[in-house]
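I have placed the structure first, in the form of structure tokens, so that the comments after it can refer back to it.
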Amino acid sequence: MTPPLSTVQGTASSAVVAGPDYLGVASWMARRPTGAKLFLILSIALLPLALIAMGATLQTTRLADAEAHARLRVAADESARAIAIELIGDMTALRVALNALGSDPADAPSCARAQGIFQQQSASGTRFVIADRAGRLLCGQPLPSNVAPHETGAPITGAIVPGQGVVLAISGPGNTSARAFFPQRFLARIGTPSTRATLYGSALEHDDDVLELASTAHERATDRTETMRMALGIAGLSLRTSVRSAPITSSFLVALLLPILMWAAAASIGWFVVDRLLIRPLRQLRASVAAFKPGEVIDPGTLHALPAQEIRDLGDTFRAISRTVALHEAGLAEGLVRQTKLTREVHHRVKNNLQVIASLINFHARGAPSADAIAAYGSIQRRVDALAVVHRNHFADVEENRGLNLRAVIGELAAGIRATAPESSHRLAIVLDMEQLLVTQDVAVAVAFLVTEIVELAMACDAAAQVRISLKSHPDEDGRAVLRVVSRALVEGDMLTDLIATRYGRVMEGLSRQLRSKLHHDPLVGAYEITIAVVGRS
């Protein structure tokens, strides 16, 4: 028969809920070490046996406790009944005498009957007294003044005198009252149960007062007791009876601890086997792999015959792989050395070629027929020098590859510009205020050309003007710096405007695009400013 739709939906939803829980448990187990997994598996496998053993032990103890509780109930009922019958019978006889003497204080037969009843118990110390309000003795023997129950208004009041016995009191007509004292040994004798096979402890209790009648002597810390309380039905007294249950013996403790010992033994044996066969060899192999350095061969150490064969094979595989990697790394290192030598040779040749070009330009400039030709050669030489300066600094930094120090590059470039400046600019002064910032080669080339163009523009406008070049970290942007060139020759004027429009403007704009930033000109101050990218601080 097809199940109802609601049943099918409930089953599907249960499967959906159980799925993530199962995956969570599986994920948790996957993160546990092998020893913990083995311990959990063995513990779960041995759990039914442990529960059966513990259940059998506890069931045996429970049966013994039930038997002791049944014996205790019989004994407590017998003792309470015997004490209650004795006390109620004596107090009933005492009430008859009290009523008679309250009506006629000279009624000697009533007093004699009460004395006859208590005479049987006088050898045990049982006494009674009947007196009027003035304290005049009507019958019985005087009792100590401290042996008296509290006034509660009940028909029969009682009190326990610790270590001595029990006092019961009743009130009669004519402001008369009667008190009876029952000593401890008397109550202990009548409260002793008939069975002698078991030692019982008993005590009378009244509020917070306790009178010990019998005790189970020589109690030990491992002894267990069953206790039962029964009300006597007179003066609020109750009888507490106790008996020893089956003690906690060594065999009982062994029976209870045996499952735990089995768990510990199984976990220890399983852990020892797994540790010797798997975990310790794997740790040794892992330490060898973790200590591996490029160029070395992994040595997993001496694996004895005890570990698993698969682990020894794995160690041999790691050794072979590391040997292959070492050979490849040695080849790569040798190739890197050759490549470094080749790169240095290329840089050296490029540097020499730039120096040759600069020397040729200088040679032709000396034989130029006119001042304009000499100025043209000087302009070309300054640009070649700018490229040579950047290349020289890059060649010096090729080993560390941290970046070019722009302060050193522009400082060397400024010295070259002053050296190649025309005679009209022999008083040219270039002041540097630059932080130790590092840039890439591409940025350094563009900055060198841009500074050369701006300084040459300043010389063309005013040959004697001072030029100030500053480089500061950008206050708001990390990895950026502000390059600023200031001179009075760069203040707005007709000559400056004409030179920018005809010769320098397009070059400077192209260099700013290469730097991916906008070149700003302040015509009032005479300053050019641009933001460049930096890679760090020297």
Side-chain angles (χ1 to χ4, degrees), residues 79-192 202-214 229-241:
S79 299
R81 187 183 299 110
I83 295 175
I85 290 174
E86 183 65 31
L87 295 180
I88 293 174
D90 291 347
M91 295 307 293
T92 301
L94 190 61
R95 180 179 292 279
V96 172
L98 177 63
N99 292 334
L101 292 175
S103 302
D104 183 7
D107 190 353
S110 297
C111 180
R113 283 193 296 273
Q115 289 178 343
I117 293 175
F118 279 89
Q119 183 65 32
Q120 303 173 6
Q121 307 161 2
S122 60
S124 301
T126 303
R127 301 190 301 276
F128 77 96
V129 61
I130 300 176
D132 57 11
R133 177 179 290 276
R136 185 167 56 89
L137 181 65
L138 300 180
C139 186
Q141 301 176 0
L143 298 179
S145 58
N146 61 340
V147 181
H150 299 291
E151 295 293 337
T152 61
I156 300 178
T157 60
I160 290 178
V161 182
Q164 299 183 29
V166 175
V167 177
L168 299 179
I170 55 177
S171 299
N175 294 325
T176 57
S177 62
R179 288 180 294 157
F181 174 71
F182 301 91
Q184 181 181 18
R185 59 179 179 175
F186 169 73
L187 296 173
R189 179 174 58 80
I190 63 176
T192 302
S202 59
L204 286 176
E205 296 180 345
H206 184 271
D207 295 335
D208 296 332
D209 298 325
V210 178
L211 179 65
E212 293 288 342
L213 302 182
R229 287 177 173 81
M230 287 193 171
L232 300 182
I234 180 173
L237 293 172
S238 61
L239 178 66
R240 183 191 68 198
T241 307

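Keep in mind it's a predicted model, so treat the numbers as computed, not measured.
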Counting C-beta onward and ignoring hydrogens, is there a side-chain heavy-atom pair between [X] and [Y] closer than 4.5 Å?
| X | Y | result |
| --- | --- | --- |
| Ile130 | Leu94 | yes |
| Val210 | Pro162 | no |
| Leu204 | Leu239 | yes |

Interatomic spacing from [atom1] in [X] to [atom2] in [Y] - rounded to 0.5 Å:
| X | Y | atom1 | atom2 | value |
| --- | --- | --- | --- | --- |
| Ile170 | Leu98 | CD1 | CG | 5.0 Å |
| Asp209 | Leu211 | CG | CG | 9.5 Å |
| Met230 | Leu237 | CE | CG | 15.5 Å |
| Leu187 | Glu212 | CG | CD | 13.0 Å |
| Arg81 | Ile190 | CZ | CD1 | 13.5 Å |

* ring pair (Phe, Tyr, Trp, His ring centres under 6.0 Å) partners of residues 104-128, not counting sequence neighbours, each pair once -> Phe118-Phe128

With sequence neighbours excluded, what pairs up with [X] under the side-chain hydrogen bond (donor to acceptor under 3.5 Å, both in side chains) test?
| X | result |
| --- | --- |
| Gln115 | none |
| Arg189 | none |
| Ser110 | Asp107, Arg113 |
| Arg95 | none |

* **Any donor-acceptor N/O pair, Arg127 side chain to Gly140 backbone, under 3.5 Å** => no

Acceptor/donor pairs from residues 83-92 side chains to any protein atom, 3.5 angstrom cut, sequence neighbours excluded:
from: Glu86; atom 1: OE2; to: Gln121; atom 2: NE2; distance (Å): 2.2
from: Asp90; atom 1: OD1; to: Gln121; atom 2: NE2; distance (Å): 3.4
from: Asp90; atom 1: OD2; to: Gln121; atom 2: NE2; distance (Å): 3.1
from: Thr92; atom 1: OG1; to: Ile88; atom 2: O; distance (Å): 2.6

* Asked: With Arg229, which residues qualify under salt bridge (Lys or Arg N to Asp or Glu O under 4.0 Å), at least two apart?
  ->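 Result, salt bridge (Lys or Arg N to Asp or Glu O under 4.0 Å) vs Arg229: Glu205.
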
* To do: Search all heavy atoms of Phe181 against all heavy atoms of Pro183 and return the closest pair with its distance.
  =>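 Looking at all heavy atoms of both residues, the closest pair is O-CD, 3.8 Å.
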
* To do: Of all the heavy-atom pairs spanning Arg179 and Ala169, show the shortest one and how long it is.
  =>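 It is CG-CB, 3.7 Å.
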
* Asked: Can you list every disulfide (SG to SG under 2.5 Å) pair that touches residues 79-139, not counting sequence neighbours?
  -> Cys111-Cys139

* Any residue meeting side chain to side chain contact (heavy atoms under 4.5 Å, CB included) with Ala93, in chain and number order, not counting sequence neighbours -> Ile117

